[in-house]
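Order of listing sets the numbers, starting from 1, for every ligand and every atom in it.
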Amino acid sequence: MKKFTTALTAGVLAAMPFTAMAEDSSDPIIIPIHNWSSQIVMSNVVGQMLEGMGNNVEYVTTDSQAVYESVRLGDVTFELEVWEGAFGASFRAALEKGGLHDAGDHNAVTREDWWYPMWTKESCPGLPSWEALNDCAKVFATAETGDKGRYLDGPVDWLKHGKERVEALDMDFVVVNAGSAAALWAEIGAAEAEKKPVVVFNWTPNFAEAVWPGEFVEFPEWVDGCDKDPSVGPNPNALYDCGNPAKGYLKKAAWDGMKDKWPAAYETLTKISFTNPQIAEMAKLVDTDEMEPEEAATAWLEANKDVWMPWTQ
Ligand code: TMO
């Protein structure tokens with residue numbers, strides 16, 4: 001609360017709904033933090049909103065797949081960015097076990113997949129087809145990958161199954177996992193001066209689309225079950241032989257016990273709905289403007305009172 005009062009103006013505080021204060025438990029609401037910027041900033045945005053309503057908030061850094069088990073058990077209170085492509089499977093598994101529920105969608109369409117900056121097309125004009133990409137594999141070869149192409153996938157905990165996809169579609173690529181999101185941006189940045197062709201994992205909404213125009217590789221279209229049933233997708237004997245959903249959801253997930261323990265905060269959570277441009281802006285404040293996530297969140301709240309204040313009332 002103290003941090004919040006120093007961060008936001010008295011005018012904002014005066015308009016906050018303090019009537020909600022009595023209802024919520026004084027135990028801290030536990031918000032999980034992962035390893036990409038929009039999620040970290042959004043978590044701080046919502047944490048500061050809830051603090052402004054009188055709640056106590058704590059942040060914990062957690063694995064982005066294991067978090068669904070943590071929400072289910074109430075060890076963390078909610079998850080603000082359930083990306084269909086990366087986390088749909090873990091989310092569905094936790095839903096089936098019980099203890100967590102779908103707390104609504106953001107007004108956003110998401111995509112996560114193999115991606116290239118536009119200059120890459122000059123060396124591989126058949127893009128965005130995955131077959132054309134594969135025919136160009138040598139263009140992406142490095143000392144490390146021999147005559148196969150290099151694909152820089154996301155950090156392992158995003159479970160993108162790049163290696164399985166390369167095998168399932170018999171592609172001439174070596175999949176390397178980035179150690180962090182920053183390593184993905186470094187790979188694109190390093191290629192930019194010479195317009196070197198690169199293919200890396202990327203997603204939207206993200207800050208990157210405003211910095212480097214680019215396109216996703218078009219893989220065989222995602223079909224439900226592609227990650228569960230080998231007969232789904234073009235290779236009848238393999239899982240992961242499809243792209244990720246091209247129009248994926250972005251959901252919020254909540255611990256079932258939140259509604260009774262923090263009813264006002266829960267109501268706010270169900271109303272929260274960020275759009276693609278808002279989410280891209282949150283990432284930009286950190287990745288382009290180099291703000292700390294906490295100050296980025298405060299800046300975002302200051303600039304977007306008309307968006308979030310109705311959710312706290
Ligand atoms: C889960 N992510 C947005 C990094 O693809």
Per-atom contacts of ligand 1 with Glu112, taking only distances under 4.0 Å to non-hydrogen atoms: 1 (C), 2 (N), 5 (O)

Sidechain N-carboxylate O distance under 4.0 Å for Lys247, Glu221: no

Which of the ligand 1 atoms, numbered from 1, are nearer than 4.0 Å to a heavy atom of Trp158: 4 (C)

Sub-4.0 Å atoms of ligand 1 with respect to non-hydrogen atoms of Phe201: 5 (O)

Ring centre gap for Trp262 and Phe78 strictly below 6.0 Å: no

Atom indices of ligand 1 within 4.0 angstrom of Phe87 heavy atoms, with elements: 1 (C)

Criterion ring pair (Phe, Tyr, Trp, His ring centres under 6.0 Å) against Phe173, the qualifying member of Trp114, Tyr151, Trp130: Trp114

Pairwise side-chain contact, Asn276 with His106, heavy-atom cut-off 4.5 Å (strictly under): no

